[in-house]
Amino acid sequence: MCGINSMKLGPPIEVFAVNKAYLDDTHPDKVNLSIGAYRTDEGKPWVLPVVRKTELQLANDETLNHEYLPVLGLEAFSSAATSMLLGADHSAILEGRAFGVQTLSGTGALRVGAEFLARQLGYKTFYFSQPTWENHRLVFLNSGFTEPREYRYWDANNRTLDLNGFLEDLQGAPENSVIILHACAHNPTGCDPTHEQWEKIAQVIEEKKLFPFFDSAYQGFASGELEKDAWAVRYFASRGLEMVCAQSFAKNFGLYNERVGNITVILKDKQDLIPVKSQLTLTVRGMYSNPPNHGGRIVATVLNNPQLYDEKESIRTMANRILSMRSGLKERLQRLGTPGTWDHITSQIGMFSYTGLSPRQVEHLVNNYHIYLLKSGRINMCGISTKNIDYVAKAINETVLL
Ligand code: PMP
């Protein structure tokens, strides 16, 4: 038992600490490449036009009220989210083997899924990529998993996927280990397996009786196409694997603070659906009872209305801005003759790039150029704009030359 006055200070959460240091900095040229949120070319947060339009429409709809949602959330939301992930004509949906549960964004989906697997099904071991989003470990441990393990993922020397290491670690994993997989736009490396590589990964997961747990926080953000970015999840599901997938609508709908998420559950057998749903209901009931309405209602309205859905080209706008900043940064570094190869900036995908900058170089960028990024060298490409791209490239060049 620990008394409250003998409590030790918890470690800071790096990404929030770096973001705060940026906000506190008064330098006019400061640049924030830390926190994972989209920014326009003016460096501003962006409310997607379709979201604004839907919010206004909902605000004027007097049939809506503030009654509780069901424990598993809005059915119109969770079924649309599941269809967005798998494609409405996926066999798992048509055969009635897949369903969704509305959650508190992607983190909440991970937590509900993990707690269900640990507490209701007795799973103990989970594997996450080395490196991964820094919250996976904490969420799974807090959910009741007791054996955290890593699989090799990033080959730092070649700045690419360490497929052999990855497969070897999966081969060595005990049966019934849960494997966390990034559906697309791997955070933090921006490096995704190719289709052929995914096929090999699925093969081992199936052979070794491992349990795939996808984390889909960036559907649409990687390529600008929802279908393309869901390829891996759809492929695994088409092999008939039992699996879950956490979905976040923070990035692709720009609904960060509304906490809109979904956990899609895909079963082998349709007859398991009702009991599984009933147990998940208890998981949620004991955690937060039922989810909030606002964000889920917006997403449901957009996804269920073909006219509004078409306006989701905003996703393409965001993805294309990121892609153009990637090529712009690479070109500038190459033009400056910055030592090293910079092709990884454009071969990586999604919001983040793993630059390969060392912790010492990161410190130099923060202290001398007021450019804020994580110690790992991860940068959020959305923090770069046509206004600061020359400054960032020059700063990286001068830092690497030191
Ligand atoms: N998974 C990954 C890989 C992420 O990068 C994030 C957001 N940074 C999340 C899950 C969860 O995001 P949220 O809870 O905001 O939806």
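As the structure lists them, so they are numbered: ligands from 1, and atoms in each ligand from 1. Starting from 1, each residue takes its place in the sequence as its number.
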Asks: Could you find the nearest protein heavy atom to atom 13 (P) of ligand 1 and give me its residue, atom name and distance?
Replies: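 Minimum-distance protein heavy atom for atom 13 (P) of ligand 1 reads Ser105 OG, 3.3 Å.
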Asks: For residues Leu161 and Gln197, report the shortest heavy-atom separation together with the two atoms involved.
Replies: CD2-OE1, 3.4 Å
Asks: Stepwise, does the side chain to side chain donor-acceptor pair (under 3.5 Å) test hold for Asn262 with Ser78?
Replies: CA-CA 6 Å; Asn262 182 63; Ser78 56; 4.8 Å; no
Asks: State which residue, out of Phe236, Phe140, Tyr127, Phe128, fulfils the ring pair (Phe, Tyr, Trp, His ring centres under 6.0 Å) condition with Phe213.
Replies: Phe140
Asks: Using ring pair (Phe, Tyr, Trp, His ring centres under 6.0 Å), reason through His66 and His294 one step at a time and then give a plain yes or no.
Replies: CA-CA 9 Å; His66 296 290; His294 187 68; 9.1 Å; no
Asks: Any non-hydrogen atom of Arg259 lying under 4.0 Å from ligand 1?
Replies: yes
Asks: If every non-hydrogen atom of Cys382 is compared with every non-hydrogen atom of Arg321, which pair is closest and at what distance?
Replies: O-NH2, 2.8 Å
Asks: Report the distance from atom OG of Ser327 to atom CD of Gln334, rounding to the nearest 0.5 Å.
Replies: 10.5 Å
Asks: Looking only at protein heavy atoms, identify the closest one to atom 14 (O) of ligand 1 and say how far it is in Å.
Replies: Thr107 OG1, 2.5 Å
Asks: Using a strict 4.0 Å cut-off to heavy atoms of Ser248, name the atoms of ligand 1 that fall inside it.
Replies: 13 (P), 16 (O)
Asks: Using a strict cut-off of 4.0 Å, indicate which atoms of ligand 1 neighbour a heavy atom of Gly106.
Replies: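 Close to Gly106: 13 (P), 14 (O), 16 (O).
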Asks: Looking only at protein heavy atoms, which one is nearest to atom 1 (N) of ligand 1, and what is the separation?
Replies: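 So the nearest neighbour among protein heavy atoms is Asp215 OD2, 2.6 Å.
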Asks: For Tyr123 and Phe145: C-alpha separation, side-chain torsions, deciding distance, then whether ring pair (Phe, Tyr, Trp, His ring centres under 6.0 Å) applies.
Replies: CA-CA 7 Å; Tyr123 285 90; Phe145 277 81; 7.1 Å; no
Asks: Going by heavy atoms in the side chains, are Leu85 and Val233 under 4.5 Å from each other?
Replies: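 In contact.
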Asks: Which residue from Trp133, Tyr218, Phe352 reaches closest to atom 9 (C) of ligand 1 through any of its heavy atoms?
Replies: Trp133
Asks: Does the N or O separation between Asn187 and ligand 1 drop below 3.5 Å for any pair?
Replies: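 Min N/O separation from ligand 1 is below 3.5 Å for Asn187.
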Asks: Flag Leu110 as yes when one of its N or O atoms lies below 3.5 Å from any N or O atom of ligand 1, and as no otherwise.
Replies: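 N/O-N/O distance under 3.5 Å: no.
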Asks: For Phe249 and ligand 1, answer yes if some heavy atom of the residue is under 4.0 Å from a ligand atom, otherwise no.
Replies: no
Asks: Name the option, out of Glu134, Lys251, His136, Glu258, that contains the heavy atom nearest to atom 8 (N) of ligand 1.
Replies: Lys251
